[in-house]
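Chain naming here is simple, since letters A, B, ... match the order of the sequence lines and numbering starts at 1 in each.
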Number of protein chains: 2
Amino acid sequence: MRKTNRKLAALYDAALAPHGINIAQFALLRNIERRQPVSLTELARLLELDRSTMGRNIRVLQKQDLVLTSRGTDQREAAVSLTERGMTVLRAAEPAWEGSQDAITARIGADRIRILQELNQLL
Amino acid sequence: MRKTNRKLAALYDAALAPHGINIAQFALLRNIERRQPVSLTELARLLELDRSTMGRNIRVLQKQDLVLTSRGTDQREAAVSLTERGMTVLRAAEPAWEGSQDAITARIGADRIRILQELNQLL
DNA sequence: GCCAGATACGGGCATATGCCCGCAATGAGC
DNA sequence: GCTCATTGCGGGCATATGCCCGTATCTGGC
């Protein structure tokens with residue numbers, strides 16, 4: 001599973017590289033878009049990551065001017081949103097992501113993809 | 001896949017924690033045992049990892065006195081072998097690993113496990 | 001035997017990931 | 001209103017991962 005995950009990530013990363021992001025960042029940007037403005041804790045819950053990991057990942061996106069964070073009503077919360085550039089990059093990267101998705105589906109079969117999705121539910 | 005991989009790794013890591021190693025290190029130790037003495041490049045090939053990553057992972061095991069490296073016939077090569085302690089820890093950790101393996105198989109089904117193994121071949 | 005290209009490593013740079021600890025803001029109970 | 005447990009973050013520590021570049025060693029063709 002670890003091997004496969006690395007290979008799969010490498011495939012997506014190669015396809016997304018021209019857009020300056022990797023698969024982890026792509027997934028993160030999509031989640032931000034859906035929920036913005038959203039807190040770090042909420043994003044961490046959505047992607048099932050440690051909160052501190054999420055904080056650092058967001059910082060990288062911020063450095064690239066893809067997201068911005070401000071304080072929420074709750075002064076503790078960091079409210080994360082896409083910047084205009086973030087939205088542009090996300091839109092531009094989507095075809096590359098879909099292309100990889102299709103290529104991988106063709107290679108391993110839609111039924112196996114479905115099983116991978118089930119797997120995550122079971123754990 | 002990335003989510004599932006993290007969850008799965010966490011399960012194994014928890015089971016292996018009492019032995020002071022994680023799932024990546026466990027897999028690495030097993031491969032070293034099978035091929036020792038073995039070069040970094042060969043190990044990297046076996047586990048499909050970047051060679052520099054392998055070098056660093058080995059260094060961690062070395063720091064814990066689980067493996068030792070010496071120069072091979074080819075003076076460039078690092079010949080990696082298990083230390084006695086490495087062997088002991090590997091043997092001690094195996095039941096924990098098998099326990100996780102069984103628990104996970106029970107949870108997600110042997111057929112899905114088999115599909116995961118096929119997946120790696122296809123990529 | 002000598003040199004050029006190939007091969008094995010190590011180190012630097014960047015990201016990803018988790019755990020723990022401490023700080024600040026919130027909110028519930030009195 | 002005030003105290004204290006809860007919640008949201010950031011920073012420190014450690015590992016994992018990949019890419020690129022430089023150095024050392026080897027090897028094949030001459």
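- Taken over five-pair windows at either terminus, the axes of the helix from C:dG1-D:dC30 to C:dC30-D:dG1 are inclined to one another by 10° (rounded to 10 degrees).
- Electrostatic pairing of B:Glu33 and B:Arg91 counts as a salt bridge here, judged by a charged N lying under 4.0 Å from a carboxylate O.
- In summary, contact between chain B and DNA chain D, defined as any nucleotide atom under 4.0 Å from a heavy atom of the protein, begins and ends at D:dT15 to D:dC26 in the 5' to 3' direction.
- Within residues 23-33 of chain A, no residue has any heavy atom closer than 4.0 Å to DNA chain D.
- Residues of residues 52-60 of chain A that place a heavy atom closer than 4.0 Å to DNA chain D, in numerical order, are A:Ser52, A:Arg56, A:Arg59.
- Residues B:Leu28 and B:Ile58 are in side-chain contact: their nearest non-hydrogen atoms beyond the backbone lie under 4.5 Å apart.
- Two residues are said to be in side-chain contact when any heavy atoms from C-beta on lie closer than 4.5 Å; A:Phe26 and A:His19 fail this criterion.
- Clustering of Ile, Leu, Val, Met, Phe, Trp and Tyr by side-chain heavy atoms under 4.5 Å joins A:Ile115 with B:Ile115.
- Using a 4.5 Å cut-off on side-chain heavy atoms (C-beta onward), B:Glu118 and B:Arg114 make contact.
- The shortest distance between side-chain heavy atoms of A:Ile113 and A:Gln101 does not fall below 4.5 Å.
- Each of B:Val60 and B:Tyr12 belongs to its own hydrophobic cluster when Ile, Leu, Val, Met, Phe, Trp and Tyr are linked at side-chain heavy-atom distances under 4.5 angstrom.
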Is there a side-chain contact (heavy atoms from CB on, under 4.5 Å) between B:Asn57 and B:Gln25 once you walk through the steps? CA-CA 8 Å; B:Asn57 292 357; B:Gln25 296 172 328; over 6 Å; no
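- Residues B:Leu122 and A:Arg112 meet the side-chain proximity criterion, which asks for heavy atoms closer than 4.5 Å.
- One atom, CG of B:Asp50, and another, P of C:dG11, lie 15 Å apart when rounded to the nearest Å.
- When side chains are defined from C-beta on, B:Thr4 does not count as touching A:Leu116, because their heavy atoms never get closer than 4.5 Å.
- With no hydrogens or angles considered, a side-chain donor-acceptor pair links B:Arg34 and B:Asn31 at under 3.5 Å.
- For A:Arg6 and A:Glu42, each mapped to the nucleotide of DNA chain D holding its nearest heavy atom, the one lying further toward the 5' end belongs to A:Glu42.
- Backbone-only engagement by A:Asn22 is indicated by non-hydrogen atom pairs under 4.0 Å involving sugar-phosphate atoms exclusively.
- In this structure, A:Leu82 and A:Leu66 have side chains that are not in contact, with every pair of non-hydrogen atoms separated by 4.5 Å or more.
- With respect to the salt-bridge test (charged N to carboxylate O, under 4.0 angstrom), the residues B:Arg71 and B:Glu77 do not qualify.
- The existence of a salt bridge linking A:Glu42 and A:Arg35 is confirmed by a sub-4.0 Å separation between a basic side-chain nitrogen and an acidic carboxylate oxygen.
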Identify each atom pair where a protein N or O and an N or O of nucleotides 22-26 of chain C are less than 3.5 Å apart, giving names and distance.
| from | atom 1 | to | atom 2 | distance (Å) |
| --- | --- | --- | --- | --- |
| C:dA25 | N3 | A:Arg76 | NH1 | 3.2 |
| C:dT26 | OP1 | A:Gln75 | N | 3.2 |
| C:dT26 | O4' | A:Arg76 | NH2 | 3.4 |

Is there a salt bridge (charged side-chain N to carboxylate O under 4.0 Å, His left out) between A:Glu48 and B:Lys7 once you walk through the steps? CA-CA 9 Å; A:Glu48 299 176 79; B:Lys7 286 190 199 174; 3.0 Å; yes
